[in-house]
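Heads up: the structure comes next, in structure tokens.
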Amino acid sequence: MAKQGYATSSLVIGYALCSSLLAIINKYAITKFSYPGLLTALQYLTSVVGVWVLGKLGLLYHDPFNFQTAKKFAPAAVVFYLAIFTNTHLLKHANVDTFIVFRSLTPLLVAIADTTFRKQPCPSKLTFMSLIIILGGAVGYVMTDSAFTLTAYSWALAYLITITTEMVYIKHMVTNLGLNTWGFVLYNNLLSLLMAPVFGLLTGEHLSVFRAIESRGQSWFELDAFVAVSLSCVFGLLISFFGFAARKAISATAFTVTGVVNKFLTVAINVMIWDKHASTFGLVCLLFTLAGGVLYQQSVTTKGNSPAQREAAAKQGREDDTTELDEENQRLVSSPKVV
């Protein structure tokens with residue numbers, strides 16, 4: 001019994017560390033390695049190879065890859081790739097706090113989309129109040145953001161649209177395919193890996209990569225850049241493992257609470273380790289936004305609102321991804337780059 005307790009604690013601590021550090025590590029990686037498309041491609045490759053190797057070793061089971069399923073899954077993979085693509089560019093042009101604020105806005109948009117397009121009932125009073133708190137915190141943050149740039153907020157808006165689309169639409173489609181969690185991971189990351197060269201050509205990033213290789217510039221070969229990219233890839237795979245294992249080991253409520261704590265830890269760590277963070281008032285607004293997210297989770301849990309809203313709340317409590325992946329916790333496991 002004691003051993004089981006230690007094992008569960010280890011899984012929760014591992015998930016908490018990975019989840020709270022991943023956004024900061026990704027920000028550090030994109031700062032040292034300014035090729036977002038190539039960075040995410042390396043993350044996809046790490047996840048695909050990791051799942052395949054662990055499957056061969058018998059440590060997990062994933063659905064076998066076949067082209068018919070891949071064709072049906074392709075639209076989901078495109079939206080997933082766009083969410084990761086915009087997420088990485090947002091982290092490149094904005095600080096981690098800005099990313100968290102826009103990530104926290106997703107329940108508001110999901111609730112609107114759910115009511116408008118899926119004809120679900122309007123949110124309860126408690127849910128509506130929590131959404132207003134989230135919106136107020138986000139508006140206050142944006143108005144006081146000294147690092148405001150049109151480029152950063154354009155990527156933020158694009159990210160908000162794609163991640164909301166994923167929450168509202170993708171779960172339904174993936175559920176109908178009948179994939180297990182690790183099969184979802186394999187299809188999501190493998191198809192995204194195949195799309196990466198196309199987006200690299202469209203954005204012109206391949207030219208920057210080729211120029212860096214030809215010139216053998218310092219920014220390409222620096223040790224800290226190599227370490228940052230390696231950490232980003234490894235932590236992306238680790239959060240897949242710890243997120244899935246922790247979800248199995250503890251209750252949904254405990255997992256959600258852990259996810260909430262992780263967000264506050266991310267903010268605290270981000271403030272302590274470097275100067276790439278918001279002003280004091282901006283941090284207060286950010287905390288209001290997170291508090292609104294906590295209240296939102298409580299409202300949809302107790303009132304049993306629509307599935308899409310409950311899914312958004314669960315994703316808020318985690319980290320995406322990546323997520324999860326949550327019932328996401330397919331999304332938590334397959335979307336480690338989205339935190």
Side-chain angles (χ1 to χ4, degrees), residues 19-34 36-37 39-40 82-110 131-167 228 232 235 259-260 262-294 296 312 315-323 335-339:
S19 180
S20 58
L21 289 173
L22 188 57
I24 297 172
I25 289 173
N26 281 342
K27 174 63 179 178
Y28 178 65
I30 202 63
T31 300
K32 295 296 181 179
F33 187 80
S34 57
L39 175 62
T40 53
L82 289 174
I84 303 299
F85 181 80
T86 53
N87 164 51
T88 308
H89 279 80
L90 172 57
L91 282 173
K92 179 180 179 180
H93 295 285
N95 57 37
V96 174
D97 300 327
T98 303
F99 165 73
I100 295 175
V101 165
F102 277 89
R103 182 69 179 82
S104 299
L105 275 173
T106 51
L108 175 62
L109 294 188
V110 168
L131 295 175
I132 292 299
I133 293 174
I134 291 173
L135 179 61
V139 171
Y141 178 90
V142 172
M143 291 180 64
T144 60
D145 186 6
S146 59
F148 178 93
T149 65
L150 184 60
T151 299
Y153 276 77
S154 296
W155 282 114
L157 180 60
Y159 169 70
L160 194 57
I161 293 171
T162 54
I163 198 67
T164 302
T165 302
E166 186 186 38
M167 288 181 179
S232 179
F235 266 70
V260 172
N262 292 345
K263 284 190 178 295
F264 286 97
L265 283 176
T266 299
V267 175
I269 295 170
N270 186 53
V271 170
M272 288 189 295
I273 66 172
W274 57 12
D275 59 355
K276 300 177 184 296
H277 56 76
S279 64
T280 302
F281 185 77
L283 289 173
V284 171
C285 293
L286 172 56
L287 293 177
F288 264 99
T289 303
L290 292 179
V294 174
Y296 177 83
K315 291 180 182 182
Q316 275 297 106
R318 249 196 358 276
E319 123 10 54
D320 176 346
D321 213 54
T322 18
T323 283
S335 313
K337 302 90 187 168
V338 180
V339 293

Qualifying residue for side-chain contact (heavy atoms from CB on, under 4.5 Å) with Phe235, from Ile24, Leu22, Asn26
Leu22
For Leu39 and Ala29, work out which heavy atoms get closest and say how close.
CD2-CB, 4.1 Å
Looking at every non-hydrogen atom in both residues, tell me the closest pair between Lys92 and Ser34 and how far apart they are.
NZ-O, 3.8 Å
Polar side-chain atom of Thr98 near backbone of Ala94 as donor-acceptor pair, under 3.5 Å:
no
Examine distances only and state if a side-chain atom of Thr88 and a backbone atom of Ile84 form a donor-acceptor pair shorter than 3.5 Å.
yes
Contact between [X] and [Y] at the side-chain level, heavy atoms closer than 4.5 Å - yes or no?
| X | Y | answer |
| --- | --- | --- |
| Tyr159 | Phe99 | yes |
| Asn87 | Ile163 | no |
| Phe85 | Thr40 | no |

If you round to the nearest 0.5 Å, how far is [atom2] of [Y] from [atom1] of [X]?
| X | Y | atom1 | atom2 | value |
| --- | --- | --- | --- | --- |
| Ser232 | Tyr28 | OG | OH | 12.0 Å |
| Ile25 | Ile30 | CD1 | CD1 | 14.0 Å |
| Leu90 | Ser154 | CG | OG | 10.5 Å |

Qualifying residues under ring pair (Phe, Tyr, Trp, His ring centres under 6.0 Å), relative to Phe102, sequence neighbours excluded
Tyr153
Just jot down the side-chain contact (heavy atoms from CB on, under 4.5 Å) partners of [X], sequence neighbours excluded, or say none.
| X | result |
| --- | --- |
| Thr151 | His93, Thr149, Trp155 |
| Val139 | Leu135, Met143 |
| Ile161 | Leu157, Thr165 |
| Ala291 | none |

